[in-house]
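We number each residue from 1, following the sequence as shown. Remember, it's 1-based here, ligands and their atoms both numbered in the order they're listed.
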Amino acid sequence: MLRLIAILLLAYAAYRLARRWVRGRSAPRQVRRGAGGRIDDVMLKDPQCGAYFARRDGVPLKHEGGELLFCSPECRARFLAANPPPEP
Ligand SMILES: [Zn+2]
């Protein structure tokens with residue numbers, strides 16, 4: 001049983017090495033957008049303007065212990081103006 005585990009570990013390590021080798025030889029991977037590429041991201045709604053945007057494009061703001069995400073720094077600033085953080 002121990003030998004089987006050792007063989008599996010070795011095979012996994014070899015697999016990881018091979019993958020790193022293949023990746024190192026190819027050009028750096030770019031995030032593919034459009035042209036058949038799929039965008040793997042979550043769409044979020046801006047609490048200020050109601051627009052939808054991808055989570056990775058969001059502008060974060062710490063608010064009341066949580067984190068809000070906005071579509072743009074402008075919306076973040078507008079939200080902050082309307083909801084000023086409580087003074088400590
Ligand atoms: Zn917005």
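Sorted by chain and number, the protein atoms of type N, O or S within less than 2.8 Å of the Zn ion (ligand 1) are Asp46 OD2, Cys49 SG, Cys71 SG, Cys75 SG.
Residues Pro60 and Glu67 share a closest heavy-atom pair of CB-OE2, 3.6 Å.
Separating the NZ atom in Lys45 from the OH atom in Tyr52 is a distance of 4.5 Å, to the nearest 0.5 Å.
With Arg55 contributing its side chain and Leu44 its backbone, the two residues share no donor-acceptor pair below 3.5 Å. Proximity of a side-chain donor or acceptor of Asp57 to a complementary backbone N or O of Phe53 within less than 3.5 Å is not detected.
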*Do Leu68 and Phe70 pass the side chain to side chain contact (heavy atoms under 4.5 Å, CB included) test, and can you show the C-alpha distance, the side-chain angles, and the key distance before you say yes or no?*
CA-CA 7 Å; Leu68 293 171; Phe70 297 88; 3.8 Å; yes
*Check against side chain to side chain contact (heavy atoms under 4.5 Å, CB included), Leu61 and Leu80*: CA-CA 9 Å; Leu61 167 70; Leu80 263 178; 4.1 Å; yes
